[in-house]
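Not measured: the values here are computed from a predicted model.
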Amino acid sequence: MEYKYELHCHTNLVSQCGRVHPKEIVKMYKEKGYSGIVVTEHYSPLTFGNKNLIKPQKYIDFYISSYEEMKKYETEDFTVLFGMELRHYATGADYLIYGVEPDWLRQQGNLMALWEKQAYELMHAQGYLVFQAHPFRPYILRCNPDYIDGIEVFNGKCDALTNFKAFQWAIDTGKLMSSGSDFHTPEHLGRGGIITKEPIKNNADLIRILKSRDIKLIKSY
């Protein structure tokens, strides 16, 4: 049996660019045949707003709220996991963080203030994985590959050439690969994700399976 998981998803509760409520997202992905979702809201100035940029940790419960809402609709055959899409002040790059847990995040300071090396070391100390999201999208800067574990080689909002460049970069650097729909609106439904041979029930499962490379990448326009 095979299982399908969305690894890049935004909701209308936290990400300003999201347009769909968590309950509806779960319904749509179940109907599409997926077995779960990783909620990866923007941890960036777009989310916290100018007045909250210095100490966004004061509003971390707001950031986590969409995951907690989506978790209400989790079932035995549909898993909801917490992740994040981080952007630092100092870079023009976005990073998908897999394995991160809400309780750990509540204890952190302002992650946007970190440089990519600092963030990578902080995440690695917890056993989390860092992937650069859509690295060849216009106005996105490629990070130092020494400070990432993987690359999102297929993004459902990017064109074929942009995704191919990301795939080639992953080949050249030997990094792990991922795919995600970058879900914001219904038209992005099920454009990306991964297919696994075993169910993913928690973040430890997700980390182990991504590291194993024993996955199929969903690539659908």
Could you pull out every donor-acceptor pair under 3.5 Å between side chains of residues 19-26 and any protein atom, sequence neighbours left out?
unit_1	atom_1	unit_2	atom_2	d
Arg19	NH1	Gln16	O	2.8
Arg19	NH1	Cys17	O	3.4
His21	ND1	Lys23	N	3.0

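Cluster membership check: Tyr120 does not share its hydrophobic cluster with Leu141, using side-chain heavy-atom separations under 4.5 Å among Ile, Leu, Val, Met, Phe, Trp and Tyr. If you chain together hydrophobic residues whose side chains sit under 4.5 Å apart, Ile140 and Leu86 never meet in one group. Linking ILVMFWY side-chain heavy atoms closer than 4.5 Å, directly or via other members, places Leu96 and Trp169 in a single hydrophobic cluster.
Here OH of Tyr3 is found 4.5 Å from CE of Met1. Values are rounded to the nearest 0.5 Å. Taken to the nearest 0.5 Å, the OG atom of Ser181 stands 3.5 Å off from the OH atom of Tyr29. Here the straight-line distance linking atom CG of Leu7 with atom CG of Leu81 works out to 9.0 Å at 0.5 Å rounding. To the nearest 0.5 Å, atom CD of residue Glu152 and atom NE2 of residue His8 are 5.5 Å apart. With rounding to the nearest 0.5 angstrom, the CD atom of Glu2 is 12.5 Å from the CD1 atom of Ile215. Separating the CG atom in Leu189 from the OG atom in Ser220 is a distance of 9.5 Å, to the nearest 0.5 Å.
Thr40 places a side-chain N or O within 3.5 Å of a backbone atom of Cys9 that can act as its donor or acceptor partner. Between the side chain of Glu85 and the backbone N or O of His10, no donor-acceptor pair lies under 3.5 Å. In this structure, the side chain of Asp149 does not engage the main chain of Leu129 through any donor-acceptor pair within 3.5 Å. Looking only at distances, a side-chain donor or acceptor of Arg191 sits under 3.5 Å from a matching main-chain atom of Gly156. For Ser179 (side chain) and Leu217 (main-chain N/O), no donor-acceptor pair under 3.5 Å exists by modelled atom type. When atom types are taken as modelled, the side chain of Asn203 and the backbone of Val100 share a donor-acceptor pair closer than 3.5 angstrom. Under a 3.5 Å cut-off, the side chain of Lys175 and the backbone N or O of Ile148 do form a donor-acceptor pair. In this structure, the side chain of Arg213 does not engage the main chain of Ile209 through any donor-acceptor pair within 3.5 Å. A donor-acceptor pair under 3.5 Å is formed between the side chain of Thr196 and the backbone N or O of Glu198.
Contact of the Leu111 side chain with the Met84 side chain is registered, since non-hydrogen atoms from C-beta on lie closer than 4.5 Å. In this structure, Met70 and Ile37 have side chains that are in contact, with non-hydrogen atoms separated by less than 4.5 Å. Contact of the Leu114 side chain with the Leu122 side chain is registered, since non-hydrogen atoms from C-beta on lie closer than 4.5 Å. With contacts defined as side-chain heavy-atom distances shorter than 4.5 Å, the pair Val38/Tyr98 qualifies.
In summary, of the residues considered (Tyr43, Tyr67, Trp104), a ring pair (Phe, Tyr, Trp, His ring centres under 6.0 Å) with Phe82 occurs for Tyr67 alone.
Using a cut-off of 4.0 Å between Lys/Arg side-chain N and Asp/Glu carboxylate O, Glu121 and Lys117 are scored as salt-bridged. Checked for salt-bridge contact, Glu6 and Lys32 miss the test: no charged N lies under 4.0 Å from a carboxylate O. With respect to the salt-bridge test (charged N to carboxylate O, under 4.0 angstrom), the residues Lys165 and Asp159 do not qualify. Lys71 and Glu74 are joined by a salt bridge, as a carboxylate oxygen and a charged side-chain nitrogen come within less than 4.0 angstrom of each other.
Here the shortest heavy-atom pairing between Val153 and Ala170 reads CG1-CB, 3.6 Å. Residues Thr173 and Pro145 come closest through the heavy atom pair CG2-CB, 4.1 Å.
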_Test salt bridge (charged side-chain N to carboxylate O under 4.0 Å, His left out) on Lys27 and Glu31; report intermediate values, then the result._
CA-CA 6 Å; Lys27 179 177 181 293; Glu31 292 175 350; 2.9 Å; yes

*Evaluate the criterion side chain to side chain contact (heavy atoms under 4.5 Å, CB included) for residue pair Val39 and Ser66; output intermediate values, then yes/no.*
CA-CA 8 Å; Val39 182; Ser66 61; 3.9 Å; yes

*Ile194/Leu210 under side chain to side chain contact (heavy atoms under 4.5 Å, CB included): CA gap, chis, key distance, verdict*: CA-CA 9 Å; Ile194 61 172; Leu210 286 173; 4.3 Å; yes

*Evaluate the criterion side-chain hydrogen bond (donor to acceptor under 3.5 Å, both in side chains) for residue pair Asp172 and Gln168; output intermediate values, then yes/no.*
CA-CA 6 Å; Asp172 293 343; Gln168 190 61 56; 3.1 Å; yes

*Show your reasoning for whether side chain to side chain contact (heavy atoms under 4.5 Å, CB included) applies to Thr162 and His134.*
CA-CA 8 Å; Thr162 300; His134 41 68; 6.0 Å; no

*Passes side chain to side chain contact (heavy atoms under 4.5 Å, CB included), Phe131 versus Leu176? Steps please.*
CA-CA 8 Å; Phe131 282 64; Leu176 301 174; 3.7 Å; yes

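Judged purely by distance below 3.5 Å, without hydrogens or angles, the side chains of His88 and Glu116 never pair a donor atom with an acceptor atom. Using a 3.5 Å distance cut-off with no hydrogens or angles, the side chains of Thr47 and Glu41 do not pair a donor with an acceptor. A side-chain donor-acceptor contact under 3.5 Å links Lys30 and Thr75.
Geometrically, Arg87 does not engage Tyr95 in a cation-pi contact, judged by NZ or CZ lying under 6.0 Å from the ring centre and within 45° of the ring axis.
Using a 30° and 60° split on the angle between ring planes, His184 and His42 fall in the tilted class, from 30° to 60°.
Under the ring-ring contact (aromatic ring centres under 6.0 Å, His included) criterion, Tyr147 pairs with no residue, sequence neighbours left out.
Residue Phe167 places its CZ atom among 12 or fewer non-hydrogen atoms of other residues, nucleotides or ligands, all under 6.0 Å distant. Counting non-hydrogen atoms of neighbouring residues, nucleotides and ligands closer than 6.0 angstrom, the NZ atom of Lys201 exceeds 12 such neighbours.
Not less than 6.0 angstrom separates the ring centroid of Tyr34 from the ring centroid of Tyr5. Aromatic rings from Tyr128 and His124 are positioned such that their centres are separated by 6.0 Å or more.
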